[in-house]
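Structure first, commentary second.
Lettering follows sequence order; numbering is per chain, from 1. Computed from a prediction, not measured in an experiment: that's the story for all the values here.
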Protein chains: 2
Amino acid sequence: MQESTFLSPAYPHVTTSKRGDVFARNCPTRQLLDRVGDKWSILLLGMLGEGEMRFSALKRRVDGISQKMLAQTLRTLERDGLITRHVEPTVPVSVTYAITPLGRELLSALQWLIDWAETRMGAVAQAQVAYDLRMAD
Amino acid sequence: MQESTFLSPAYPHVTTSKRGDVFARNCPTRQLLDRVGDKWSILLLGMLGEGEMRFSALKRRVDGISQKMLAQTLRTLERDGLITRHVEPTVPVSVTYAITPLGRELLSALQWLIDWAETRMGAVAQAQVAYDLRMAD
DNA sequence: CCATCAGGTTTCTAATGGAAACCAGGTGTG
DNA sequence: CACACCTGGTTTCCATTAGAAACCTGATGG
């Protein structure tokens with residue numbers, strides 16, 4: 001578990017776009033986080049990890065997502081090769097989304113995060129209570 | 001790697017706040033993502049994983065973060081028990097942040113994500129190029 | 001002729017993020 | 001004495017983004 005590579009300067013072909021600080025801004029971790037570092041991407045990937053699903057099913061099951069963000073996030077995930085989009089020309093049209101092998105790899109990395117959440121979010125909640133008490137002195 | 005628990009209804013003590021859909025909105029994964037599902041939290045945790053660091057050092061090394069987001073994100077991480085904040089009454093005052101054992105646990109779960117990013121972001125970039133070509137037909 | 005379906009897109013508004021200015025309060029400098 | 005400078009923030013203002021709700025498309029059934 002090599003911590004030193006956390007912000008490593010790989011992928012030099014990516015243009016720097018801002019004053020010559022190539023190092024941190026373009027490391028792969030930053031690229032990943034800029035792309036799927038939002039909750040909807042992660043939740044959708046998790047949902048599709050359980051099996052392929054249609055647009056409306058995702059909308060129902062991912063509680064609180066707006067239709068706009070659902071469409072937008074799915075498009076990004078598809079562009080990144082993490083999911084596929086299949087249009088069946090029924091009437092009305094039915095569109096099915098499924099996770100790709102690449103997406104499943106990412107999901108299995110995410111699984112450690114999910115497992116941590118399930119076992120340790122209780123401790124986080126406790127820490128919050130303690131903090132709020134300390135601050136309310 | 002139990003995928004079925006991805007959105008499990010644990011922590012029923014959390015109030016539902018919206019129309020009775022307790023299931024998805026309050027599962028621990030959602031709670032985690034609502035809290036540290038942004039790139040700055042993850043990047044700061046990664047930085048502090050390399051050793052304790054002062055405010056200004058973090059500002060320099062986490063490229064692109066604004067002073068506001070740095071202060072804000074650090075406060076949230078501290079509240080959640082993932083980092084500590086130590087004020088040394090020198091002059092000018094010096095404030096040091098360090099990761100906690102709980103934070104380090106989370107970071108080691110995140111390490112899988114980081115490793116995935118470093119080995120597979122190339123594939124993601126390729127997928128993007130392919131997608132953009134398909135769409136520009 | 002109208003409503004209905006899925007799967008979106010558009011529009012408008014509320015919340016969020018970033019840039020830059022400001023602040024506190026103790027120190028050194030002319 | 002007046003002033004500038006240090007760290008570690010907070011405040012202000014503006015641009016971007018997310019969310020809610022309305023609209024769109026095109027075939028189909030009543």
Checklist entry - Got a sec, which pairs hit salt bridge (charged side-chain N to carboxylate O under 4.0 Å, His left out) with one end in residues 65-79 of chain A, sequence neighbours left out? => result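 Salt bridge (charged side-chain N to carboxylate O under 4.0 Å, His left out) check on residues 65-79 of chain A returns Arg79(A)-Asp132(B).
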
Next on the checklist: Base contacts versus sugar-phosphate-only contacts with protein, heavy atoms under 4.0 Å: please encode nucleotides 25-30 of chain D as B, S and - from 5' to 3'.
Outcome noted: -BSS--

Item to check | Separation of Thr29(B) OG1 from Leu110(A) CG (nearest 0.5 Å) | outcome: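 If I round to the nearest 0.5 Å, the distance is 10.0 Å.
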
Next on the checklist: Once rounded to the nearest 0.5 Å, what's the spacing between atom NZ of Lys59(A) and atom OG of Ser66(A)?
Outcome noted: 8.0 Å

Could you tell me which residues satisfy side chain to side chain donor-acceptor pair (under 3.5 Å) with [X], sequence neighbours excluded, listed by chain and number?
X: Ser41(A); value: Asp38(A)
X: Glu105(B); value: Trp116(A), Arg120(A)
X: Arg54(B); value: none
X: Trp40(A); value: none

Measure from [atom1] on [X] to [atom2] on [N] and round the result to the nearest Å.
X: Leu44(B); N: dG8(D); atom1: CG; atom2: P; answer: 14 Å
X: Glu88(B); N: dG26(C); atom1: CD; atom2: P; answer: 16 Å
X: Trp40(B); N: dT17(D); atom1: CH2; atom2: P; answer: 14 Å
X: Met53(B); N: dT7(D); atom1: CE; atom2: C1'; answer: 17 Å
X: Asp38(A); N: dG17(C); atom1: CG; atom2: C1'; answer: 15 Å

Checklist entry - Taking only residues two or more places apart in sequence or in another chain, which ones pass salt bridge (Lys or Arg N to Asp or Glu O under 4.0 Å) with Glu52(B)? => result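 Salt bridge (Lys or Arg N to Asp or Glu O under 4.0 Å) list for Glu52(B), sorted by chain: empty.
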
Check whether any side-chain N or O of [X] sits under 4.0 Å from OP1 or OP2 of [N], and answer yes or no.
X: Ser66(A); N: dA18(D); result: no
X: Arg54(B); N: dG8(D); result: yes
X: Tyr97(A); N: dA6(C); result: no

Checklist entry - Val95(B) side chain: which of dG8(C), dA6(C), dG9(D) is closest? => result dG9(D)

Checklist entry - Taking the side chain of Phe55(B) as heavy atoms from C-beta outward, which of dG9(D), dG7(C), dG18(C) is closest to it? => result dG9(D)

Next on the checklist: Any residue in residues 67-87 of chain B with a heavy atom nearer than 4.0 angstrom to DNA chain D? Just list them by number, or reply none.
Outcome noted: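 Output list: Gln67(B), Lys68(B), Ala71(B), Arg75(B), Arg85(B).
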
Checklist outcome for this item: Between its two end axes (five pairs each) the helix from dC1(C)-dG30(D) to dG30(C)-dC1(D) turns, nearest 10 degrees, through 40°

Item to check | side-chain contact (heavy atoms from CB on, under 4.5 Å) partners of Ala130(A), counting only residues at least two apart | outcome: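 Ala130(A) satisfies side-chain contact (heavy atoms from CB on, under 4.5 Å) with Arg134(A) only.
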
Item to check | Counterpart residues, side-chain contact (heavy atoms from CB on, under 4.5 Å), relative to Val91(A) (two or more places apart) | outcome: none

Checklist entry - For Met135(B), which fellow cluster members are found when Ile, Leu, Val, Met, Phe, Trp and Tyr are connected by side-chain heavy-atom distances below 4.5 angstrom, either directly or through intermediates? => result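 Traced through the cluster, Met135(B) reaches Tyr131(B).
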
